[in-house]
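The structure appears below as structure tokens.
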There are 2 protein chains.
Amino acid sequence: MASRPTIADIAKRVGVSPGAVSFALNGRPGVSEATRARILEVAREMNWRPHRAARALGGSQAGAVGLVLARDPRTLGSEHFYTQILYGMQEALSARSIAVQMQLVRDTSAEIALYRDWASEHRVDGLVLVDQQVSDPRLDVVRELAIPAVTLGLPAVADQLPSVWVDDHEAMTTIVDYLAALDHRRIAHVAGPPLYQHTARRMQALREHGSSRGLSSESLPTDFSDAQGAAATRALLSRPAPPTAIVYDSDVMAAAGLGVALEMGVPVPQDLSIVSFDDSVLARIVHPALTCLSRNTYELGAQVAESLLEVIADPASRRSVRTETPRLVVRGSTTRPAR
Amino acid sequence: MASRPTIADIAKRVGVSPGAVSFALNGRPGVSEATRARILEVAREMNWRPHRAARALGGSQAGAVGLVLARDPRTLGSEHFYTQILYGMQEALSARSIAVQMQLVRDTSAEIALYRDWASEHRVDGLVLVDQQVSDPRLDVVRELAIPAVTLGLPAVADQLPSVWVDDHEAMTTIVDYLAALDHRRIAHVAGPPLYQHTARRMQALREHGSSRGLSSESLPTDFSDAQGAAATRALLSRPAPPTAIVYDSDVMAAAGLGVALEMGVPVPQDLSIVSFDDSVLARIVHPALTCLSRNTYELGAQVAESLLEVIADPASRRSVRTETPRLVVRGSTTRPAR
DNA sequence: TCCCCCAACTACACCGGTTTAGTCGCGAAC
DNA sequence: GTTCGCGACTAAACCGGTGTAGTTGGGGGA
């Protein structure tokens, strides 16, 4: 009884046909301005809202976009980053009452299966692909399914999808320059899995830029867990000539590394400088607080949403957006190395 | 062209009517077993999947449930907890191909507005209400909208919604008993906002149980931020007779408090024991690692999902589920107080 | 043998929008 | 004065399922 008003209810009340109401509500020609105004007023008065399913059925807009995180969620350490991204996206999309469908899955194959499900159920109008891989099996699937998508990461060279990207090369360069200016000569990098494009890119940047500046440098890959971050740190600090600075691919690993250093009696920052690629509450509350690259993740999410809307509107669009390089926030974990 | 097969396609191929196919696919009487088998086989062969919107339009199942987090997302510290909850829910629901629609909003009024939107757009079949408040304005709205819902928190006494709950009273009792057994006599509690029911409950438990054991105890409310957690810690440790143990309502505040203690030259755990109500990576990687209450958050999420399905199936259901009390995980941040 | 009943199906309306193919009326052009 | 054109609107099909009211055929009971 008290069920939501439909377009037919509005039509009856205004005295026009349902079709006319649809025209009016969607701002398309076919009704006079006077009638349109009447209809809009009545719709507002009756508190009308489109029935999503009905729209999705007729047209083809599901009114939702999808974001899948493929990680072992029990050990996820990047919640903060993706929470911010999600929030940025939602703020940008809620005005158009588009929902963001976020789902956590175990691995990439589950992610791909989910894309197929979503496609066949018409659940989403577009996808955001995060954690881009060097050789990414998702790209083929997305193309096959013909769902509009953007990547958050480097532009996929071979297989063009529009992307919103941060220049990880330049980011690493910024860090290396900063550390070199402080007179650090032996820099280590506790990286993520080289499977990920951003990790690969950072490793490459360190190798190239480090050697061009005459530094000794090295990247140790990990699985992003605090355990492996700690282990890598322990290995590095046990060497005869340990690095004077370690750059970590994530805040969790950096904090874990800091713990190892303190435990091993290596004072931070005096004997070891620590830099993290991620900023977060965690980076702020450990002692000393971590020097890190910081970016406006919220903005990044909003940008992703905008780009995705563009691709949905025009599936042929291939416009990639480069976002500003993260800036270095210096905190207590870095200083000149003691001689 | 290569568009998804519909029920009509299957019907044509099998040589029956679309209605019969619908019966067969939904396991309801009206077709013979032989025909049903044929239909199921052809459906699988053609890789048929129901069109969500079509189902939602006819019946009334949107195939999604909603979860809203109302916090200032820029300072969110509980990502880990809710990520786990979300994952647990998704695992439990994906088998029935029900999606979890999670959204972050700024505050409770935005949360309520979102519920109204979702209701009028028929986006969700049910809601999970988290961060239950002492006097919760959401309860009336949910009842008014007549959406099946469960709360994650204490059972709402006045206004019965089924809930999945953890006994915060007993949790606090566990901590107090543990600290008392170690001979702590002055215990402080850095709490969240007393607006939240679980915080209020913990404060009450500490007051009652502490005094019954002859302890001096006190709760300081905060906004859950690391800044206020740090400030409260500073205030407590500056007193003439500072507490020998502090219990924090969140891992972020506990870690921030730990930082303050070390900075003020108060050795942890010798002069100050620290206990956190939340477990997480953070609690593990700081030094010393934090003693905390730990619970299977993933299970909790799954349980929430089950309960919600129950209410959706039978909106009159009022069954609340009490989950097991979190267990205390002792790490390096607690010990007997130095005399 | 006839009738009734029931299982097994079909036909069709329906959900709430969108969209296309008209219809109508009126002013301008010839 | 008839015709053309166009703006404003209506009727009806359609999207892909679900649910209900028939319809049919065959077996069992009287």
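Proteins come first, then strands; the chains are lettered A, B, ... in the order of their sequence lines, and each starts at number 1.
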### Message
Both F23(B) and A54(B) contact DNA chain C. Taking the nearest nucleotide for each, which residue is further toward the 5' end?
### Response
F23(B)
### Task
Using the six-membered ring wherever Trp is involved, compare the ring planes of H198(B) and Y196(B) and label them parallel, tilted or perpendicular (cut-offs 30° and 60°).
parallel
### Query
Below 4.0 angstrom from OP1 or OP2 of dG17(C), is there any side-chain N or O of W48(A)?
yes
### Task
Flag the pair R295(A) and E324(A) as a salt bridge only when some basic side-chain nitrogen lies within less than 4.0 angstrom of an acidic carboxylate oxygen.
no
### Task
Measure from the side-chain heavy atoms of I7(A) and tell me the nearest of dG17(C), dT10(C), dT18(D).
dG17(C)
### Task
May I ask you to say what V21(A) touches in the nucleic acid, namely base, sugar-phosphate or nothing, with a heavy-atom cut-off under 4.0 Å?
nothing
### Query
So which nucleotide from dT18(D), dT18(C), dG16(D) ends up closest to the side chain of S22(B)?
dT18(D)
### Summary
From the candidates dG17(D), dG16(D), dT19(C), the one with an atom nearest any side-chain atom of L57(B) is dG16(D)
### Query
Is S32(A) touching bases, backbone alone, or none of the nucleic acid, heavy atoms closer than 4.0 Å?
sugar-phosphate
### Task
Indicate, with a heavy-atom threshold strictly under 4.0 Å, whether R52(A) touches base, sugar-phosphate, or nothing.
nothing
### Query
In terms of side-chain heavy atoms of R28(A), which of dG16(C), dT19(C), dT18(C) is nearest?
dT19(C)
### Query
Where does the angle between the aromatic ring planes of Y87(B) and Y298(B) fall among parallel (under 30°), tilted (30 to 60°) and perpendicular (over 60°)?
tilted
### Message
Assess the residue pair E45(A) and R38(A) against the criterion (salt bridge (Lys or Arg N to Asp or Glu O under 4.0 Å)); give the C-alpha distance rounded to whole Å, side-chain angles, the decisive distance to 0.1 Å, and a yes or no.
### Response
CA-CA 10 Å; E45(A) 199 173 291; R38(A) 286 259 309 128; over 6 Å; no
